Amino acid sequence: MRVFLPIIVALVGVFFFTQCKKDHSCKMRLTCYYSSNGMDADSVVPFALISFDTVKYNSGLAVDTNIARVQDFPTNGLGVFEYTLDYPALLIVNAVKIDSVGGLAKKYTGTAQVQVNEGETTEKTILMVETN
């Protein structure tokens with residue numbers, strides 16, 4: 001008994017102190033594309049501005065994260081925006097880009113609904129069409 005008891009205690013201790021910690025973060029990756037008809041993607045939209053309407057997942061409460069405090073986030077040069085939230089959320093994502101072509105300003109906008117879940121990376125495409 002003197003031999004087996006320390007071994008059992010050691011195995012139980014190893015089991016409880018070496019378990020993997022689950023990743024609880026909620027990641028999203030958005031890619032913005034120009035679209036002529038709102039259904040087909042053309043080329044990526046670099047440096048579009050992303051803003052969010054936030055609603056906490058399955059409730060009407062605002063999400064208490066930095067995403068609710070910042071007005072706009074830019075996409076990178078490849079039209080990609082990545083962000084990690086602390087909690088699951090249902091987000092309405094708005095994208096805006098103003099291009100100057102031949103001295104004329106063209107405004108492109110797009111909207112998508114994104115649901116981010118715990119421990120997952122949600123990828124979403126936003127198609128941006130020309131608006132006046």
Side-chain angles (χ1 to χ4, degrees):
M1 193 66 170
R2 289 183 176 180
V3 175
F4 293 112
L5 186 59
I7 292 173
I8 292 172
V9 170
L11 288 175
V12 169
V14 168
F15 176 75
F16 283 112
F17 293 110
T18 61
Q19 287 186 351
C20 297
K21 292 187 178 184
K22 185 177 178 185
D23 181 14
H24 294 284
S25 62
C26 307
K27 300 174 186 174
M28 73 175 144
R29 178 184 168 101
L30 308 172
T31 306
C32 295
Y33 289 94
Y34 289 109
S35 177
S36 57
N37 58 13
M39 293 184 288
D40 298 327
D42 293 333
S43 58
V44 296
V45 181
F47 310 112
L49 295 178
I50 304 292
S51 62
F52 297 91
D53 294 328
T54 58
V55 176
K56 194 168 186 177
Y57 182 64
N58 283 339
S59 74
L61 304 174
V63 177
D64 184 23
T65 64
N66 290 333
I67 205 166
R69 295 184 199 106
V70 177
Q71 184 68 20
D72 296 314
F73 296 92
T75 62
N76 63 18
L78 300 174
V80 176
F81 170 73
E82 296 178 322
Y83 196 83
T84 302
L85 289 95
D86 296 329
Y87 305 102
L90 179 61
L91 306 167
I92 303 299
V93 180
N94 302 303
V96 176
K97 173 73 187 268
I98 298 177
D99 286 338
S100 180
V101 179
L104 298 173
K106 290 186 175 184
K107 182 178 181 181
Y108 295 88
T109 60
T111 301
Q113 182 174 325
V114 180
Q115 181 174 336
V116 289
N117 296 311
E118 187 175 313
E120 297 179 7
T121 298
T122 302
E123 295 192 25
K124 193 74 168 188
T125 297
I126 299 176
L127 299 177
M128 299 180 66
V129 295
E130 185 177 353
T131 56
N132 295 329

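Just so you know, these numbers use all the heavy atoms, side chains as well, and skip hydrogens, waters and symmetry mates. The structure displayed is predicted, hence computed values, not measured ones.
Of the possible polar contacts, one joining the T122 side chain to the Q115 backbone as a donor-acceptor pair under 3.5 Å is found. Remark: the backbone N or O of F47 is paired with a side-chain donor or acceptor of T75 at under 3.5 angstrom.
For D99, the side-chain hydrogen bond (donor to acceptor under 3.5 Å, both in side chains) test picks out Y34, K97, with sequence neighbours left out.
A continuous path of ILVMFWY side-chain contacts below 4.5 Å connects V45 to Y108, so both sit in one hydrophobic cluster. Note: the hydrophobic cluster containing Y33 does not contain V80 (ILVMFWY, side chain heavy atoms under 4.5 Å, direct or indirect links). Residues L127 and V96 are members of separate hydrophobic clusters, defined by side-chain heavy-atom contacts under 4.5 angstrom among Ile, Leu, Val, Met, Phe, Trp and Tyr. Tracing side-chain contacts under 4.5 Å through hydrophobic residues (I, L, V, M, F, W, Y), one never reaches V93 starting from V44; they form parts of separate clusters. In terms of hydrophobic clustering, with Ile, Leu, Val, Met, Phe, Trp and Tyr side chains grouped at heavy-atom distances under 4.5 Å, L85 and I126 are assigned to a common cluster.
In terms of heavy-atom proximity, C32 sits nearest to A95 at SG-CB, 4.0 Å. Taking every heavy atom of both residues into account, I98 and A105 meet most closely at CG2-CB, 4.1 Å. Across K27 and V116, no two heavy atoms sit closer than the pair O-CG1, 4.0 Å.
The stretch residues 29-47 participates, sequence neighbours left out, in these salt bridge (Lys or Arg N to Asp or Glu O under 4.0 Å) pairs: R29-E82.
Rounding to the nearest 0.5 Å places CG of L30 at 6.5 Å from CZ of F81. Distance check: Q113 CD to L90 CG gives 4.5 Å after rounding to the nearest 0.5 Å. Here T109 contributes atom OG1 and E130 contributes atom CD; the two are 10.0 Å apart, rounded to the nearest 0.5 Å.
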